[in-house]
Chemist: 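For reference, the structure I am asking about is given below.
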Number of protein chains: 2
Amino acid sequence: MSDSDKILFTISKQALQRMPYYLNYLKTTCKGKMQNVSSRLIANTLHLNEVQVRKDLASVSRSGGKPKTGFAVDDLIRDIESFLGYNNVNRAVIVGAGQLGRALMAYTGFENYGLEIIAGFDSNENSIGTLPNGKKVFGMESLKRIRDELNVHIGIITVPAASAQSVCDELIKAGVRAIWNFAPTHLEVPENILVQNENMATSLAVLSNHLAHRMNK
Amino acid sequence: MSDSDKILFTISKQALQRMPYYLNYLKTTCKGKMQNVSSRLIANTLHLNEVQVRKDLASVSRSGGKPKTGFAVDDLIRDIESFLGYNNVNRAVIVGAGQLGRALMAYTGFENYGLEIIAGFDSNENSIGTLPNGKKVFGMESLKRIRDELNVHIGIITVPAASAQSVCDELIKAGVRAIWNFAPTHLEVPENILVQNENMATSLAVLSNHLAHRMNK
DNA sequence: TAGATTGTTAATCGATTAACAATC
DNA sequence: TAGATTGTTAATCGATTAACAATC
């Protein structure tokens with residue numbers, strides 16, 4: 001996290017990543033059933049520390065909580081969604097129309113989180129075509145044109161690790177501002193570009209290691 | 001992390017999660033091209049701290065590194081893979097044959113990480129059928145029988161958040177030892193069961209928040 | 001030998017948690 | 001008022017990093 005971030009936003013990445021959990025709990029369990037919710041209840045349900053929850057919520061809630069009452073559920077939902085930018089729809093393109101890329105393009109669940117995947121790109125001509133839910137796969141030469149036309153800010157990388165860096169470079173040249181990287185590799189980017197790694201190998205490592213060594217527990 | 005873990009394994013979850021990055025770098029960049037590699041080179045490439053890399057590698061490498069020489073690439077690959085349990089194939093079942101579940105079943109990339117997805121399960125009869133690469137989707141009533149027959153240890157949850165806990169309970173009752181949870185919700189499990197959360201909403205939160213607030217950077 | 005590189009012990013840093021005063 | 005709950009300041013904890021001695 002750079003210095004300028006720290007000044008503007010006093011929230012850690014960890015805290016930011018807890019927000020979807022709060023949001024899910026509030027929307028599925030609280031909304032409509034109760035007007036207010038206390039940090040203690042949230043903490044107990046999600047198995048977090050009460051103070052941590054209060055700190056997290058304090059950093060995104062406009063109106064704050066009220067002693068003896070807690071936080072207004074509807075306000076909190078609105079504030080978290082606004083903080084996360086789920087109001088603005090974030091348009092994205094996927095580069096790499098292999099199995100994982102196509103799966104993500106076909107997945108409609110992202111819309112709940114304000115993400116709209118517009119199109120896919122692939123350097124292999126055989127991959128070009130149209131997906132079930134109407135998303136097209138283009139050749140790489142169309143990347144910049146389409147990104148510019150539709151003002152896309154997010155690039156999703158689902159190519160093999162070996163070509164991830166060059167794809168990343170192309171996406172940045174085309175103008176995306178943030179990258180969601182599914183390749184299990186480190187990406188080199190300018191300071192003003194955000195890279196979020198979604199490394200399934202990382203999760204699998206935890207699972208697999210547990211099973212290999214800790215079955216006797 | 002429980003106490004018993006600490007005694008047996010002096011490696012943090014963070015360190016464990018860096019292993020796939022080391023492995024990928026070693027296999028794609030070092031293997032065949034150089035016999036030895038120094039922690040400094042790895043650290044520079046992956047943008048990590050040199051001491052951190054040495055500590056991480058020390059905790060998994062049998063032979064350790066040699067002053068002035070570094071670590072033997074092939075040995076290191078073998079040691080990390082063995083530590084991560086990528087040698088044993090870990091069998092898994094998926095519960096929830098919606099879009100995400102089917103996508104994961106169709107994805108063959110997991111085999112590189114020692115994971116083999118055997119079958120899918122869904123409570124909705126309409127979802128039952130066969131996938132392109134031969135994986136079948138069964139009704140929930142077959143879960144325990146198939147898990148027992150094939151000695152499956154990993155359960156993957158790709159149902160909506162609202163039903164994730166009950167699916168989790170069923171998986172544990174059926175006998176799985178570790179759960180890979182794609183639902184954006186906290187799961188309640190006995191102490192001896194490992195839950196690894198793969199929450200895409202969490203990653204999206206980081207991206208989306210960045211774009212909503214930090215575009216001016 | 002000198003220098004590169006490892007592995008370990010101590011210092012730093014940041015996040016979490018505890019203690020507590022403020023407030024409805 | 002008394003008690004529940006918030007928000008903040010201080011203490012703790014664990015991971016990262018720096019310093020350095022050991023070794024090839």
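Quick note on labels: first sequence line is chain A, next is B, and so on, each numbered from 1.
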Chemist: Between B:Glu116 and B:Lys135, does any side-chain N to carboxylate O distance fall below 4.0 Å?
Modeler: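 So B:Glu116 does not pair with B:Lys135 through a salt bridge.
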Chemist: Counting side-chain heavy atoms from CB outward, which of D:dT17, C:dA15, D:dA2 is closest to A:Lys68?
Modeler: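 For the A:Lys68 side chain, the nearest candidate turns out to be D:dA2.
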Chemist: Please determine, for the side chain of A:Asn49, which listed nucleotide (C:dA15, C:dT17, C:dG7) has the closest atom?
Modeler: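 Closest nucleotide among those given: C:dT17.
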Chemist: Could you give the CG-to-P distance, from B:Leu57 to D:dT16, as a whole number of Å?
Modeler: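 Rounded to the whole Å, the gap is 14 Å.
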Chemist: Would you say B:Ser39 places a side-chain N or O within less than 4.0 Å of OP1 or OP2 belonging to C:dT6?
Modeler: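 B:Ser39 to C:dT6 OP1/OP2: side-chain N or O found under 4.0 Å.
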Chemist: OP1 or OP2 of D:dT6 versus the side-chain N and O atoms of A:Arg54: is any pair under 4.0 Å?
Modeler: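 Indeed, a polar side-chain atom of A:Arg54 lies that close.
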Chemist: Is it the case that the side chain of A:His213 and the backbone of B:Phe83 share a donor-acceptor pair, with hydrogens and angles ignored and the cut-off at 3.5 Å?
Modeler: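 Side chain of A:His213 to backbone of B:Phe83: a pair is present.
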Chemist: Tell which nucleotide pairs with C:dG14, taking only Watson-Crick or G-U wobble pairs whose two distances are both under 3.5 angstrom.
Modeler: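 Across all strands, the one nucleotide that pairs with C:dG14 is D:dC13.
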Chemist: How close or far is atom C1' of D:dT17 from atom CZ of B:Arg18, stated in whole angstroms?
Modeler: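 From B:Arg18 CZ to D:dT17 C1': 12 Å.
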Chemist: Per the atom types in the model, does the base of D:dT17 pair as donor or acceptor with the side chain of B:Lys55 at under 3.5 Å?
Modeler: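 Checked by distance alone, the answer is yes.
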Chemist: What nucleotide, of D:dT6, C:dA4, D:dT17, holds the atom closest to the side chain of B:Pro67?
Modeler: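 Out of D:dT6, C:dA4, D:dT17, the nucleotide with an atom closest to B:Pro67's side chain is C:dA4.
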Chemist: Could you give the CD1-to-C1' distance, from A:Ile11 to C:dT16, as a whole number of Å?
Modeler: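 My rounded result for the distance is 15 Å.
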Chemist: Can you tell me how far C1' of D:dT5 sits from CD of A:Glu50, to the nearest Å?
Modeler: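 It is 8 Å, rounded to the nearest whole Å.
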Chemist: A:Val51 has a side chain; which of C:dT6, C:dA19, D:dT16 sits nearest to it?
Modeler: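 Of all the options, the side chain of A:Val51 is nearest to C:dA19.
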Chemist: In whole angstrom, what separates B:Asn36's CG from C:dA4's P?
Modeler: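 Result: 17 Å.
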Chemist: Given side-chain contact (heavy atoms from CB on, under 4.5 Å), test A:Ser61 with A:Asp75 step by step and report yes or no.
Modeler: CA-CA 8 Å; A:Ser61 167; A:Asp75 288 1; over 6 Å; no
Chemist: Across all strands, who's sitting opposite D:dC20 as a Watson-Crick or G-U wobble pair, both distances under 3.5 Å?
Modeler: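 Base-paired to C:dG7.
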Chemist: Rounded off to whole Å, could you give me the NE2-to-C1' distance for the A:His47 and C:dT16 pair?
Modeler: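 A:His47 atom NE2 is separated from C:dT16 atom C1' by 18 Å.
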Chemist: Do A:Asp74 and A:Lys31 pass the salt bridge (charged side-chain N to carboxylate O under 4.0 Å, His left out) test, and can you show the C-alpha distance, the side-chain angles, and the key distance before you say yes or no?
Modeler: CA-CA 7 Å; A:Asp74 289 343; A:Lys31 196 177 164 67; 3.8 Å; yes
Chemist: So which one's nearest nucleotide on DNA chain C is more toward 5', A:Asp56 or B:Ser63?
Modeler: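 Its nearest nucleotide lies further toward 5', so the answer is B:Ser63.
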Chemist: Name the nucleic acid region contacted by B:Lys66, choosing base, sugar-phosphate or nothing; use a 4.0 angstrom heavy-atom cut-off, strictly under.
Modeler: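 Result for B:Lys66 = sugar-phosphate.
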Chemist: Roughly, in whole Å, what's the span from CD in B:Gln52 to P in C:dT12?
Modeler: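 Distance check: B:Gln52 CD to C:dT12 P gives 19 Å.
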Chemist: Count the heavy atoms belonging to other residues, nucleotides or ligands that lie under 6.0 Å from CZ of A:Arg40, then report whether that count exceeds 12.
Modeler: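 No.
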